[in-house]
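In this chain, numbering begins with 1 at the start of the sequence shown.
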Amino acid sequence: YAGSTSGVIYYLNENGSCMEVLQAEGSIKALMLHMTSDVLIVVKENMVIGQFQIDDDGQLSELSKVKMSTRSKENHITWAGPSMLAITSGEMSIRIWNLKTDDNFVLQAPATSGGGAATAEFISSMCFCEEKCMLAAGTNAGNILIWTYPPQILIQNETDWTCLPKISIGNTIKEIA
């Protein structure tokens, strides 16, 4: 699948052919294939997130759609476990959305001291390591936050996650892997 700034989503098959399968309202920010089922996650620039069933011929059928409220256009989204999406919103927290149950919760960064300067800090990048059940986030203030959960947990809630001590690098974290 390929998404365009005009909102068109194209299906590309193994024979090299391409066809338009969806016209969304607004620019496409990200496309994510579900790890375990034939579902495409479509994220638009305005943070409307849709789940679409993938048919045998590549066509898409909408399953659900939700609008995430954000404070910034610099939002990030990644997988955070089976059927779990992690979404930033220009703050020092990460919303975890369980696509199977439609439940969600927020992972809060540990409180920082220092008054007003700390409120300008936000998550600038994020990644997930499935093998280690670890979600890492970098901030514009050069801090790295890491949350983990026990591998035997199938469906997580906020109490299953543990935030490790903050690592400070000092420079804005643009990308984390």
Side-chain angles (χ1 to χ4, degrees), residues 3 26-37 39-51 64-177:
S27 182
I28 304 298
K29 181 179 184 79
L31 298 175
M32 303 169 69
L33 289 170
H34 194 282
M35 293 185 213
T36 58
S37 62
V39 172
L40 180 69
I41 307 300
V42 176
V43 183
K44 297 191 310 186
E45 286 291 338
N46 64 358
M47 288 307 288
V48 171
I49 302 172
Q51 292 185 78
S64 69
K65 186 171 24 175
V66 65
K67 168 78 169 120
M68 301 301 267
S69 63
T70 64
R71 292 187 181 185
S72 168
K73 291 191 179 233
E74 297 301 316
N75 305 302
H76 301 277
I77 186 166
T78 190
W79 291 109
S83 296
M84 306 288 275
L85 284 179
I87 305 158
T88 66
S89 61
E91 300 172 335
M92 287 296 291
S93 61
I94 299 173
R95 179 164 304 280
I96 305 291
W97 179 24
N98 185 324
L99 298 176
K100 280 187 178 179
T101 65
D102 206 30
D103 290 333
N104 70 87
F105 56 88
V106 175
L107 297 177
Q108 292 287 347
T112 58
S113 60
T119 60
E121 186 174 12
F122 61 89
I123 293 173
S124 57
S125 63
M126 179 174 58
C127 73
F128 178 70
C129 177
E130 184 177 7
E131 294 80 27
K132 295 185 178 185
C133 302
M134 185 179 294
L135 180 64
T139 75
N140 64 318
N143 294 312
I144 297 173
L145 304 165
I146 299 173
W147 288 268
T148 62
Y149 66 87
Q152 66 275 16
I153 302 290
L154 295 178
I155 303 212
Q156 309 101 26
N157 60 52
E158 60 268 29
T159 60
D160 296 325
W161 292 80
T162 301
C163 189
L164 302 179
K166 174 177 69 172
I167 302 164
S168 186
I169 294 175
N171 296 316
T172 298
I173 309 297
K174 293 296 286 176
E175 196 62 41
I176 195 163

Subject >> Check: Thr88 side chain, His76 main-chain N or O, donor-acceptor pair, under 3.5 Å >> reply: yes
**OP:** For Val48, check side-chain contact (heavy atoms from CB on, under 4.5 Å) against everything at least two apart and list the hits.
**Re:** Lys44, Asn46, Lys65, Lys67
Subject >> Minimum side-chain heavy-atom gap Asp103-Trp97 below 4.5 Å >> reply: no
Original post:
Can you name the closest pair of heavy atoms from Thr172 and Ser124 and give their distance?
Top reply: CG2-OG, 4.4 Å
**OP:** Mind listing the closest non-hydrogen atom pair of Tyr149 and Pro82 along with its distance?
**Re:** OH-CD, 4.3 Å
Subject >> Distance (rounded to the nearest 0.5 Å) between Asn143 CG and Ile123 CD1 >> reply: 10.5 Å
**OP:** Taking all heavy atoms of Cys133 and all of Pro151, pick out the closest pair and write down the distance.
**Re:** SG-CA, 3.6 Å
Original post:
Any chance the side chains of Gln51 and Ser64 put a donor and an acceptor closer than 3.5 Å?
Top reply: yes
Original post:
Roughly how far, to the nearest 0.5 Å, is the CE atom of Met134 from the OG1 atom of Thr162?
Top reply: 11.0 Å
**OP:** Indicate yes or no: at least one non-hydrogen side-chain atom of Leu135 is less than 4.5 angstrom from one of Met126.
**Re:** yes
**OP:** Quick one: pull up CZ in Phe122 and CE in Met92 and give me the separation to the nearest 0.5 Å.
**Re:** 10.5 Å
Original post:
Which distance, rounded to the nearest 0.5 Å, do you find between the CG of Leu145 and the OG1 of Thr139?
Top reply: 6.5 Å
**OP:** Determine the minimum heavy-atom distance between Phe128 and Gly81, stating which atoms define it.
**Re:** CE2-N, 3.3 Å
Original post:
Distance-only, no hydrogens or angles: does the Ser93 side chain make a donor-acceptor pair with backbone N or O of Gln108 under 3.5 Å?
Top reply: no
**OP:** Please confirm whether the backbone N or O of Cys127 pairs with a side-chain atom of Thr78, one donor and one acceptor, at under 3.5 Å?
**Re:** no
**OP:** Can you see which heavy atom on Asn140 is nearest to which on Ala120, and at what distance?
**Re:** ND2-O, 3.3 Å
Subject >> Ile169 CD1 to Ile176 CD1 distance, which is reported to the nearest 0.5 Å >> reply: 7.0 Å
Original post:
To the nearest 0.5 Å, how far apart are CG in Asn98 and CG in Asn157?
Top reply: 10.5 Å
Subject >> Note, Ile41 side chain near Leu31 side chain (heavy atom, < 4.5 Å) >> reply: no
Original post:
Can you name the closest pair of heavy atoms from Val106 and Glu158 and give their distance?
Top reply: O-CB, 4.1 Å
Original post:
Got Ile77 and Lys29 here, is their nearest side-chain heavy-atom distance under 4.5 Å?
Top reply: no
Original post:
Checking side chain to side chain contact (heavy atoms under 4.5 Å, CB included) for the pair Ile167/Ile146: CA distance, chi angles, key distance, verdict?
Top reply: CA-CA 9 Å; Ile167 302 164; Ile146 299 173; 4.2 Å; yes
Original post:
Within a strict 4.5 Å, meaning less than it, do heavy atoms of the Asn75 and Met68 side chains meet?
Top reply: no
Subject >> Test side-chain contact (heavy atoms from CB on, under 4.5 Å) applied to His34 - qualifying residues, sequence neighbours left out >> reply: Thr36, Ser37, Val39, Trp79, Ser83, Leu99
**OP:** Could you check Ile49 against Ile87 for side chain to side chain contact (heavy atoms under 4.5 Å, CB included), going step by step and ending with a plain yes or no?
**Re:** CA-CA 10 Å; Ile49 302 172; Ile87 305 158; 3.7 Å; yes
